[in-house]
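Read through the structure below, which is laid out as structure tokens, and then see the notes.
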There are 2 protein chains.
Amino acid sequence: MAKRESQAPGDSTEQKIFDAAHEVFTQKGMDGATMQEIADHAGINKALLHYYYRTKEKLYESVARAIIGRAIPAIRQIIESELPLEEKIRRFIDAYIGIISRNPFIPLFIISEVNKHPERFINSILPSDLPKPQFFFNQVEAEIAAGRIRPVRPQHLIVNVISMCVFPFVGKPMMRMLLGMSSGEMRVFLEERKEEVTQFVMAALRP
Amino acid sequence: MAKRESQAPGDSTEQKIFDAAHEVFTQKGMDGATMQEIADHAGINKALLHYYYRTKEKLYESVARAIIGRAIPAIRQIIESELPLEEKIRRFIDAYIGIISRNPFIPLFIISEVNKHPERFINSILPSDLPKPQFFFNQVEAEIAAGRIRPVRPQHLIVNVISMCVFPFVGKPMMRMLLGMSSGEMRVFLEERKEEVTQFVMAALRP
DNA sequence: GTCTATAACTCGATAGAC
DNA sequence: GTCTATCGAGTTATAGAC
């Protein structure tokens, strides 16, 4: 967007609207959010939302695209890197949990979006260059063949790792109830998981 | 509900409404669903929804309570059982994945509900007798003390297991894109996970 | 660009006939 | 119990003044 570079970043009206929409949409979803609420959050008038983004749908897509566009490269970069397997998994877990800690509403936002409107997601939000896990798969197979790790199906391995990183955030309130934790205890617990999940995966991969 | 026993089950108007609401709410959530759509699904008039359930909110709570009420005992029963640890984990994974396979929309429904309205969930949907994981935790500690499994923090272990069982269903469309699987391949993959997750956890617990 | 006012529409809920 | 008709609130979106 060349448009945005021509003015002070972060406080243009368009940017204020975008930021407000980002916050409201991620917390309430497309259906739960209203244009009025977004306008209030941005401290401006409702009509201005339409002036800049025409429709609620377009504003939503703009936010969704930005979120996905930020989330995917981070994963991509690690998965497709040339690091040795163990180091790669270590960094992947650390980065993944770190990112989600700083943006706790994003995973559920993405999941809900994809589940409710798969076509819209694929056609107008998802970027074309998805992470290609093939290199990672080959790497796992090679380590297995060399006897350096226990035989696992690489697809399941990657799903296991992602699940253990993401789900505790998505299901945080439920986890809190199950474990009887306060909000503060839960924050500590989630931070601990960087180390705990890494050790768990490494232990599972021992030959 | 004594009311329901007095007539043929499954085709009373009240039951038809409930079933239709169950389907629509689990797929679209409270905000995304409309009373009109539920009425159409039930093949009856919109006014009848209000005749039987008064408000959309009450209909929703009725559905949510039924879903939670069915989901919790299944978990509870296994977690609180007297089975040896390994067998308990085995059965837990098998039961959990089995239940979700047959009700793939439920986990996301529950997660979204809890995240959007934690108070409503706790006060008017959640039953009072939640699973108590303490016995499971003690069991894990005992196995560690006896040197039969590797030291792990039991809270993280249970979160790991639940995450690996639930998340692949919640994030199914995303997993499909990442792994490049067809709908049929994904079904096979999810079924495989019963065995794969069990082995993964057992491997991670080896001393 | 930004605002007020309002049109156009959707949705939950009710009234009232049968 | 079940239906049609309609109300009233709330929502997206636009018109038009400044």
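Reminder, nothing fancy here: chain letters follow the sequence lines and each chain counts from 1. When reading the values below, keep in mind they use all heavy atoms of this one structure, side chains included, and skip hydrogens, waters and symmetry mates. This is a predicted model, so every value here is computed, not measured.
- For R76(A) (side chain) and L130(A) (main-chain N/O), a donor-acceptor pair under 3.5 Å exists by modelled atom type.
- Closest to the Y51(B) side chain, of the nucleotides dT14(C), dG1(D), dT14(D), is dG1(D).
- As a whole-Å value, the separation of K56(A) NZ from dT14(D) P is 15 Å.
- Proximity of a side-chain donor or acceptor of K88(A) to a complementary backbone N or O of I79(A) within less than 3.5 Å is detected.
- Note on H50(A): a side-chain N or O is less than 4.0 Å away from OP1 or OP2 of dA13(D).
- Contact annotation: the side chain of F200(B) never approaches that of E196(B) to less than 4.5 Å [non-hydrogen atoms, C-beta and beyond].
- Proximity of a side-chain donor or acceptor of S124(B) to a complementary backbone N or O of R120(B) within less than 3.5 Å is detected.
- Going from atom CG of D40(A) over to atom P of dT11(D) covers 11 Å, rounded to whole Å.
- Atom CD1 in I17(A) sits roughly 10 Å away from atom C1' in dG1(C) (whole-Å rounding).
- Distance, Y53(A) OH to dT14(D) P: 17 Å, rounded to whole Å.
- As a whole-Å value, the separation of D31(B) CG from dC11(C) P is 13 Å.
- Ring to ring, F109(A) and F169(A) are not that close: their centroids are 6.0 angstrom or more apart.
- One atom, CE of M35(B), and another, P of dG8(D), lie 20 Å apart when rounded to the nearest Å.
- Residue A33(B) is classed as a sugar-phosphate contact, given heavy-atom separations below 4.0 Å to backbone atoms only.
- Between the CD1 atom of I38(B) and the P atom of dA13(C) there is a distance of 11 Å, rounded to whole Å.
- Here dT2(D) is the nucleotide among dT2(D), dT14(D), dG12(C) with the atom lying nearest to any side-chain atom of Y52(B).
- A heavy atom closer than 4.0 Å to some atom of DNA chain D occurs in K46(A), A47(A), these being the qualifying members of residues 42-49 of chain A.
- Between E14(B) atom CD and dT2(D) atom C1' there is a gap of 15 Å when expressed in whole angstrom units.
- Applying the 4.0 Å criterion to OP1 and OP2 of dT2(D), one finds that T13(B) has a side-chain N or O inside that range.
- For the residue pair Q15(B)/D11(B), the side-chain donor-acceptor check at 3.5 Å is not satisfied.
- Taking the six-membered ring for Trp and thresholds of 30 and 60 degrees, Y96(B) and F92(B) have ring planes more than 60 degrees apart, a perpendicular arrangement.
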